[in-house]
There are 2 protein chains.
Amino acid sequence: MTEISAKKQRIYQEAARLFQDRGYAATSMRAIAGAVDLEVSSLYSHIRSKEELLQEICFRTAGQFMDAMQAIRRKWDNPVRQLEEIIRFHTRLALQDPTSATVFSDEWKHLGPEEVKSFVSMRRNYEQQFLEILVQGQRAGLIRDLPRHWIMHTIISGLAWLYRTQHPVPPDEQEHLIQTLLAMNLHGIIKSQNV
Amino acid sequence: MTEISAKKQRIYQEAARLFQDRGYAATSMRAIAGAVDLEVSSLYSHIRSKEELLQEICFRTAGQFMDAMQAIRRKWDNPVRQLEEIIRFHTRLALQDPTSATVFSDEWKHLGPEEVKSFVSMRRNYEQQFLEILVQGQRAGLIRDLPRHWIMHTIISGLAWLYRTQHPVPPDEQEHLIQTLLAMNLHGIIKSQNV
DNA sequence: GTCTATAACTTGATAGAC
DNA sequence: GTCTATCAAGTTATAGAC
């Protein structure tokens, strides 16, 4: 039972917002303290260090992606459907918690050497599973025989604007957005289908 | 005729590499000085400040994108061909100078307030021109009637992995990569064309 | 142009009173 | 848990000798 005090949660939340806006390295403990109306030294009653804040955000979000990937592969066996669900998950997470998504995506390099190793290893695992889905889709003749690494990076990277740009899509447009993203990634944007 | 000494160029180059690896805020003048085998104070014989280094990289790359956009719109009038050329340019620049592309894309927020304003204004101009191409393509019935902002962000964001990931694609694979990116963006990855 | 020395300031983190 | 006070180290940048 890990009890997390309300104040501790507040600190994590404000830190994440500052990391998103200014980046980890440009965010001082004084800035975080100011955001939660405390003196710097008081922060250390709740957290061990600045880096601990970054670790929590990065690995919590990494865990969410790993869990989603595993759940999707268990629930469906059609690789195209699995891809659809992955795009769905990325989209929902990006819209629901763009702050954590940005910090997870852009600030992990400021983790300590050990943590970077662990983080990169998790990401490699995630990408490996993504590639396996593409292999299955290509073997089944459902997905074009394009280089899988390029497909994967283009899809994942193509979703990153959802958290990086300021415009949060309102909740009632979320399903429309997802349908559009699926259409673009799966069928492209060209009308005439003379391929 | 602005003459740029070899040493000054070396400083810019090493600074860009360090900004790419560690981020602007986490890169010290000492690190830059060390990379070019000088003492910190000697740097100031060649440059005015740390931020000047960032400014040069960001605005030089921004200028390249603006120039390319203008040249493409002058040279072709088919909007789909214009999109193709834009994707081509992004790809070539990302492979040829991934360091500048990364700093341009990720570190502009550390510019001073005035420079940020100018930078964002250039980007808005670029995006406006991109959207106009999509409008023309949709009016001509060539491009699907999907929300144009979402199309634009997905395409641009989907190319960002080209400079963010470590794997530089070897020069002899560049044309294959471009063809694949065009195929994915324009026609998607799904084989069956029952749309 | 490059150096040593240093100014002026900010950084993350700690000690100890309350 | 929160504070004041403080530390040691690091930051960008400058002054002035050579």
Partners passing salt bridge (charged side-chain N to carboxylate O under 4.0 Å, His left out) against B/R92 (at least two apart in sequence or in another chain): none
Of all of residues 8-28 of chain B, which get a heavy atom below 4.0 angstrom from DNA chain D, listed by number? B/T27, B/S28
A/L54 CG - C/dG12 P separation (whole Å): 13 Å
Applying salt bridge (charged side-chain N to carboxylate O under 4.0 Å, His left out) to A/D97 and not counting sequence neighbours gives none
How long is the line joining CG of A/L43 and P of C/dG12, in whole Å? 10 Å
Below the 4.0 Å mark, does C/dC3 have OP1 or OP2 next to a side-chain nitrogen or oxygen of B/S42? yes
Quick one: B/H110 NE2 to D/dT12 C1', roughly how many Å, whole number? 16 Å
Which residue pairs pass the ring-ring contact (aromatic ring centres under 6.0 Å, His included) test with at least one member in residues 13-43 of chain A, sequence neighbours excluded? A/F19-A/Y24, A/Y24-A/H110
Inspect the contact between A/R17 and A/E14 and indicate whether a charged nitrogen and a carboxylate oxygen are less than 4.0 angstrom apart. yes
Mind checking what makes salt bridge (charged side-chain N to carboxylate O under 4.0 Å, His left out) contact with B/R81, not counting sequence neighbours? B/E85
If I take atom CD in residue B/E39 and atom C1' in nucleotide C/dG1, what distance separates them, rounded to the nearest angstrom? 13 Å
Excluding sequence neighbours, so at least two apart, what forms side-chain hydrogen bond (donor to acceptor under 3.5 Å, both in side chains) with B/S157? none
In B/S/- notation, 5' to 3', how is nucleotides 13-18 of chain D contacted by protein heavy atoms closer than 4.0 Å? BBB---
Atom-to-atom span, CD1 of A/I32 to C1' of C/dA13 - whole angstrom: 13 Å
Value in whole Å for how far the C1' atom of D/dC3 lies from NZ of A/K7: 12 Å
List for me each residue that meets side-chain hydrogen bond (donor to acceptor under 3.5 Å, both in side chains) alongside B/R164, sequence neighbours excluded, and say none if there are none. B/S105, B/D106
A/E51: what forms a salt bridge (charged side-chain N to carboxylate O under 4.0 Å, His left out) with it, not counting sequence neighbours? none
